[in-house]
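Just below is one structure, and these are the notes that go with it.
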Amino acid sequence: MARKTIEDLFIHELSDMYSAEKQITKALPRMARAATNPILVEAFKAHLEETQGQIERIDQLVEASGLKLKRMKCVAMEGLVEESKELIEEIEKGEVLDAGLIGAAQKVEHYEIASYGTLISMAKFMGLKDAARLLGDTLKEEKATDEKLSAIAEQGGNQAATLKS
């Protein structure tokens, strides 16, 4: 699809994030099963529920605004998900893998934070106040998840991995 207008770009970016969120719903259960830190396992499970709500929020935004998403695959998220799969395949289950999974999850969060921030700016420019509000709710959740992952790492996840090396 040619992206000639801000609306075209907005639809493309929103479609990309819709795909990204769908991919994350498949990756998070795998990451939860691979993690050994119970706090990390719960964080992945909680974020899965949150991500499902974020997908519903995009559906709500699309319906309310009359926009039509494009069928596409977010290649950036595909790469980030693939990195987490490689970690799971290559690192023995335990503290080191947990530290790797935290890092992989934070890469996802940072991608999402950047993407939702951009979408919010575009929505405001286009006068889509409700869309900007809904996207803002998702952005707050993504930032909170990133902070939670940092706290898990700082409370022992990464230190335990260091002691093992």
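This chain uses plain numbering: 1 for the first residue, then up along the sequence.
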Mind listing the closest non-hydrogen atom pair of [X] and [Y] along with its distance?
X      : Y      : value
Leu139 : Ile120 : CD2-CD1, 3.6 Å
Ala104 : Ser84  : CB-CB, 4.1 Å
Leu149 : Leu40  : CD2-CD1, 4.0 Å
Leu97  : Ala34  : CD2-O, 3.6 Å

Linking I/L/V/M/F/W/Y whenever any side-chain heavy atoms sit under 4.5 Å apart, do [X] and [Y] land together?
X      : Y     : result
Val75  : Leu80 : no
Met72  : Tyr18 : no
Phe125 : Ile11 : yes
Leu69  : Ile24 : yes

For residues Ser115 and Glu13, is any side-chain donor paired with an opposing acceptor at under 3.5 Å? no
Would you tell me whether Thr138 and Glu142 have side-chain atoms, one donor and one acceptor, within less than 3.5 Å of each other? no
Which residues pass the salt bridge (Lys or Arg N to Asp or Glu O under 4.0 Å) test with [X], sequence neighbours left out?
X      : value
Lys124 : none
Glu82  : none
Lys107 : Glu83

Measuring from atom OG1 of Thr118 to atom CG of Leu9, what distance do you get when rounded to the nearest 0.5 angstrom? 9.0 Å
Quick one: does Ser150's side chain get under 4.5 Å of Gln106's, heavy atoms only? yes
Mind checking whether Thr25 and Leu48 have side chains closer than 4.5 Å, heavy atoms only? yes
Tell me whether Ile39 at atom CD1 has more than 12 heavy atoms from other residues, nucleotides or ligands lying less than 6.0 Å away. no
Are any side-chain N or O atoms of Asp8 and backbone N or O atoms of Thr5, one a donor and one an acceptor, separated by less than 3.5 Å? yes
Side chain to side chain donor-acceptor pair (under 3.5 Å) with Asp16: which residues, sequence neighbours excluded? Tyr111
Within residues 19-28 or reaching into it, pairs that qualify as salt bridge (charged side-chain N to carboxylate O under 4.0 Å, His left out) - sequence neighbours excluded: none
Test side-chain contact (heavy atoms from CB on, under 4.5 Å) applied to Glu50 - qualifying residues, sequence neighbours left out: His47, Gln54, Glu141, Thr145
